[in-house]
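In what follows, a structure is listed as structure tokens, so that the remarks can point back to it.
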Amino acid sequence: MKNIQLIGVILVVIGSFLPLLKIPLVGNWNYWKIDPYLVSIIWILCALALFFIQKQKLKATRIVSGSLIFLFVFTIIAIKLKSLDFFSFLPFKSWQSAFAGIVNLSWGWFFEFAGAALMLFGINKNQNLNN
């Protein structure tokens with residue numbers, strides 16, 4: 001089952017280079033354009049996951065993959081709130097939400113969540129979880 005978890009780490013790293021946001025007139029953004037500090041944290045967590053997978057520390061791998069999923073959800077919520085805040089100069093709330101709606105999530109999130117899920121659920125149930 002270690003191979004499935006390694007594929008998950010690779011998917012998360014590849015997903016950081018794929019388009020995650022589609023902004024009209026600006027183009028597609030990946031994690032580097034969204035926040036370079038956040039992508040650094042994600043890569044550090046991927047390196048930790050590689051270490052824990054190699055050492056077969058299953059609980060630690062689950063904690064790291066859960067942290068990755070938390071960071072992905074946090075990023076999506078922060079993007080939505082920042083886009084609402086960016087258009088706060090508009091006089092009507094309906095205009096604010098309409099203009100904030102033009103910032104769309106792209107297909108790269110599938111790779112991010114799929115990779116973290118493979119790390120989380122790619123653990124053999126027959127293995128000892130006390131590691």
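Both Val12 and Ile41 are part of a single hydrophobic cluster, where members link through side-chain heavy atoms under 4.5 Å apart. Taking hydrophobic clusters as Ile, Leu, Val, Met, Phe, Trp and Tyr residues chained together by side-chain heavy-atom distances below 4.5 Å, Leu71 shares a cluster with Val73. The hydrophobic clustering, which links ILVMFWY residues whose side-chain heavy atoms are closer than 4.5 Å, places Phe70 and Leu120 apart. Under the 4.5 Å side-chain contact rule for hydrophobic residues, Leu68 and Leu105 share a cluster. Under the 4.5 Å side-chain contact rule for hydrophobic residues, Leu58 and Ile63 do not share a cluster.
With sequence neighbours left out, Tyr31 forms a ring pair (Phe, Tyr, Trp, His ring centres under 6.0 Å) with Trp109. Residues passing the ring pair (Phe, Tyr, Trp, His ring centres under 6.0 Å) test with Phe111, sequence neighbours excluded: none.
Within a 6.0 Å radius of CZ in Phe51, other residues, nucleotides and ligands contribute 12 heavy atoms or fewer. Within a 6.0 Å radius of NZ in Lys80, other residues, nucleotides and ligands contribute more than 12 heavy atoms.
Here the closest heavy-atom approach between residue Ser106 and residue Pro19 is recorded as CB-O, 3.3 Å. For Val13 against Phe17, the heavy-atom pair with the smallest separation is O-CD1, 3.5 Å. Residues Gly108 and Leu20 share a closest heavy-atom pair of C-CD2, 3.3 Å. Summarising the geometry of Ala49 relative to Met119, their closest heavy-atom pair is CB-SD, 3.7 Å, with the distance given to 0.1 Å. Across all non-hydrogen atoms, the minimal contact from Ala116 to Ser65 is O-CB, 3.7 Å.
Under the 4.5 Å side-chain criterion, counting only non-hydrogen atoms from C-beta, Phe121 is not in contact with Ile4. A 4.5 Å side-chain heavy-atom check between Ile79 and Trp29 finds every atom pair outside the cut-off. Counting heavy atoms from C-beta on, the side chains of Leu21 and Asn104 never come closer than 4.5 Å. Within the 4.5 Å cutoff, side-chain heavy atoms of Ile76 are placed close to those of Phe113. Within the 4.5 Å cutoff, the side chain of Leu81 has heavy atoms near those of the Ile77 side chain.
Atom CG of Leu50 is separated from atom NZ of Lys55 by 13.0 Å, given to the nearest 0.5 angstrom. One distance of note links CD of Gln56 with CD of Gln5; it measures 9.0 Å at 0.5 Å rounding. Here the CG-OG1 distance, from Asp35 to Thr75, works out to 8.0 Å after rounding to the nearest 0.5 Å.
Between the side chains of Ser16 and Trp43, a donor-acceptor pair is found at a separation under 3.5 Å.
Checking each of Ile53, Leu118, Leu11 against Leu6 for a side chain to side chain contact (heavy atoms under 4.5 Å, CB included) leaves exactly one that passes, namely Ile53.
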